[in-house]
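Below, chain A is the first sequence line, B the second, and so on; all start at residue 1. Just so we're clear, the structure is a prediction, and the values are computed from it rather than from any experiment.
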Protein chains: 2
Amino acid sequence: MNSIAKPVAASGKRAKTKAANRQAILAAARQVFARIGFDATTVRDIIRETDLASGTFYNYFKSKEEVFEAIAGESAKRFRPKLQTVREEASSFEEYIRAAYAAYFTFLKAENEEAISNGAPHMALIGVRVDTPEMHAIFDEIRTDLEEVAKSANISLGDSEYLTASAIGIARELGDHMLQRRPVDLEGATRFATTLLLEGVKAIAARPN
Amino acid sequence: MNSIAKPVAASGKRAKTKAANRQAILAAARQVFARIGFDATTVRDIIRETDLASGTFYNYFKSKEEVFEAIAGESAKRFRPKLQTVREEASSFEEYIRAAYAAYFTFLKAENEEAISNGAPHMALIGVRVDTPEMHAIFDEIRTDLEEVAKSANISLGDSEYLTASAIGIARELGDHMLQRRPVDLEGATRFATTLLLEGVKAIAARPN
DNA sequence: AGTAAAGTTGACGGAGCGTCATTAGTCTGA
DNA sequence: TCAGACTAATGACGCTCCGTCAACTTTACT
């Protein structure tokens, strides 16, 4: 046939189904994890929720753990652009901190919206946990952003690794508690974290350890 | 025999063996977890390390998860007295914060001493993680201590739940990074955490949200 | 159309689980 | 001291889930 025929579009049914299957497994896993919790779910539980056979699962993932990491990784991947926007639009150190926390807490709330509405304490916090390469990338990105923004504002950060760790620690733990409150206390958590970190940093800057 | 003989001591071989078996299982579990990691270990791996039979395991624990919780619970139980001492001896808010962080980081280092020395990244952080009743008790204790110490110092804490969460978040995340450094940076982590939290709190106190 | 390559299927052997009938050890009372 | 009652240890058993693989189906290419 005409060799010019299909240059790009539908460049292969193969690839299409592959992507579709992967997504089907991920979607099924989200459902099952949310319904019965991570520990209780088996690979078969996940695959049963799709129209694939058990063996097929292993063409895509090695284990349910790997599925979980993929889900977490996607969360991280969805969050990074927001972080980038925050960095680009921040015009002061304070604004950066506040916007970054606001972005994280908003994201966290959105990711757990379903779990929140049906009152299921199951699988709370599917958003952003565990140690994946993506998580490390986010750590590094935040650290770099902090250094950059601080430099612009002529602020000394002290130990930027420790500062980043602290900022993330606050976000994580505070985020957990924020999600427990009804209504979810986005505004309060953001204000609290921002003030705490910002003023703490100023003190560290003033008294460089 | 003389009925006065054994009033308290060795009040029963039954109880003795029971306690001994429980300890044997916990000790074996520590070893195996450290050697091959939590995920990879099976109940049989643990019991094989003792001279007990597989069925006996289930007289003491429901699963390896429960063993892990018991180990974590023991860590928490060992840490609480230290926390109490800190509270009792602190004569100012700042001193309390510093001593509490120092106590935690010291404890964390000690708990992971073995893992640190043999360079095994396996099962890092056996000290204090997961969600057990003991962990919640520690959260509550810290929260109460903070409130009490703050009151004595006439400092407003703002939202004490959020503050406690933040303090713990900083400790956890900073602790992780502290353990990565060689030599383990106890002093630096303590100073950093103390300054950050202390000055942050002062700011929140000044500007009660 | 014919063939190679890629992907899917589900049945199968194996690993680990938790139980339970049996056995061994400890305690109590006379 | 000993019989009988009771508590705990044992390990074989049935079961669930795992990961693999030979057979089969679908897609790609010429």
Side-chain angles (χ1 to χ4, degrees), chain A residues 1-29 31-33 35-71 123, chain B residues 1-29 31-33 35-71 123:
Chain A
M1 314 305 165
N2 188 344
S3 66
I4 310 168
K6 298 170 169 183
V8 177
S11 78
K13 174 154 185 177
R14 271 282 154 56
K16 278 275 171 69
T17 3
K18 227 173 149 190
N21 285 351
R22 189 187 156 87
Q23 284 310 314
I25 291 174
L26 287 175
Q31 280 211 338
V32 181
F33 286 161
R35 192 187 318 134
I36 66 176
F38 178 79
D39 287 347
T41 92
T42 71
V43 167
R44 257 76 176 176
D45 290 335
I46 297 172
I47 214 67
R48 204 174 298 126
E49 212 74 4
T50 73
D51 54 0
L52 302 171
S54 65
T56 306
F57 176 91
Y58 296 95
N59 286 344
Y60 294 88
F61 300 98
K62 282 212 318 287
S63 62
K64 65 170 176 168
E65 281 77 14
E66 204 172 288
V67 174
F68 184 82
E69 276 172 29
I71 292 174
M123 188 60 179
Chain B
M1 314 299 174
N2 188 343
S3 63
I4 309 167
K6 299 170 169 186
V8 175
S11 79
K13 175 155 185 177
R14 264 303 161 30
K16 277 275 170 69
T17 359
K18 226 173 150 189
N21 285 350
R22 189 188 155 87
Q23 285 310 313
I25 292 173
L26 287 175
Q31 280 211 338
V32 182
F33 287 161
R35 190 187 318 134
I36 67 176
F38 178 79
D39 287 349
T41 90
T42 71
V43 168
R44 256 77 176 175
D45 290 335
I46 298 172
I47 214 67
R48 204 174 299 126
E49 213 71 4
T50 72
D51 53 1
L52 302 171
S54 65
T56 307
F57 176 90
Y58 297 96
N59 287 344
Y60 294 88
F61 300 98
K62 281 213 316 288
S63 62
K64 66 169 174 169
E65 281 77 14
E66 204 172 288
V67 175
F68 184 82
E69 277 172 29
I71 292 173
M123 188 64 180

Exercise for review: Given side chain to side chain contact (heavy atoms under 4.5 Å, CB included), test A:Glu65 with A:Phe38 step by step and report yes or no.
Suggested key: CA-CA 9 Å; A:Glu65 281 77 14; A:Phe38 178 79; 4.0 Å; yes
Check your understanding: Can you check side chain to side chain contact (heavy atoms under 4.5 Å, CB included) on A:Arg22 and A:Ile25, steps first, answer last?
Key -> CA-CA 5 Å; A:Arg22 189 187 156 87; A:Ile25 291 174; 5.9 Å; no
Exercise for review: Let me see the working for B:Thr41 and B:Lys64 under side chain to side chain contact (heavy atoms under 4.5 Å, CB included), right down to the final yes or no.
Suggested key: CA-CA 8 Å; B:Thr41 90; B:Lys64 66 169 174 169; 4.0 Å; yes
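Closest heavy-atom contact between A:Ala29 and A:Val67: CB-CG1, 3.4 Å. For B:Ile47 against B:Ala53, the heavy-atom pair with the smallest separation is CG1-O, 3.5 Å.
Under the 4.5 Å side-chain criterion, counting only non-hydrogen atoms from C-beta, B:Leu26 is in contact with B:Phe61.
The CD1 atom of A:Ile46 sits 12.0 Å away from atom CG of A:Leu52, with the distance rounded to the nearest 0.5 Å.
The side chain of B:Arg44 lies closest to C:dG18, out of C:dG18, D:dT26, C:dG25. The A:Lys13 side chain lies nearest to D:dT27 when the options are C:dC17, C:dT26, D:dT27. For B:Thr42, the listed nucleotide lying nearest its side chain is C:dC17; candidates were C:dT8, C:dC17, D:dT7.
Contact annotation for B:Tyr60: backbone-only contact, meaning every heavy-atom pair under 4.0 Å involves sugar-phosphate atoms and none involves a base.
Atom C1' of nucleotide C:dT8 and atom CG of A:Asn59 are separated by 7 Å, given to the nearest angstrom. With rounding to whole Å, B:Glu66 atom CD is found 11 Å from C:dG18 atom P. Atom C1' of nucleotide C:dT26 and atom CG of B:Asn21 are separated by 14 Å, given to the nearest angstrom. We find that NZ of B:Lys18 is positioned 19 Å from P of C:dG25, with the value rounded to whole Å. The CG-C1' distance, from A:Asp39 to C:dC17, rounds to 15 Å in whole Å. Taking atom CD of residue B:Glu65 and atom P of nucleotide C:dG16, one finds them 15 Å apart after rounding to whole Å. Atoms CG (B:Asp45) and C1' (C:dA15) sit 11 Å apart, rounded to a whole Å. When rounded to the nearest whole Å, the span between CZ of B:Arg22 and P of D:dA8 equals 14 Å.
Base pairing in DNA chain D yields stems of at least 3 consecutive Watson-Crick or G-U pairs, both distances under 3.5 Å, namely C:1-30 with D:1-30.
The existence of a salt bridge linking A:Glu49 and A:Arg35 is confirmed by a sub-4.0 Å separation between a basic side-chain nitrogen and an acidic carboxylate oxygen.
Donor-acceptor pairing under 3.5 Å, judged by distance alone, is present between the side chain of A:Arg14 and the base of C:dA6.
Near DNA chain D, defined here as any heavy-atom distance below 4.0 Å, the residues from residues 46-58 of chain B are B:Asp51, B:Leu52, B:Ala53, B:Ser54, B:Gly55, B:Thr56, listed numerically.
With hydrogens and angles disregarded, no donor-acceptor distance shorter than 3.5 Å links the side chain of B:Lys18 to the backbone of B:Tyr60.
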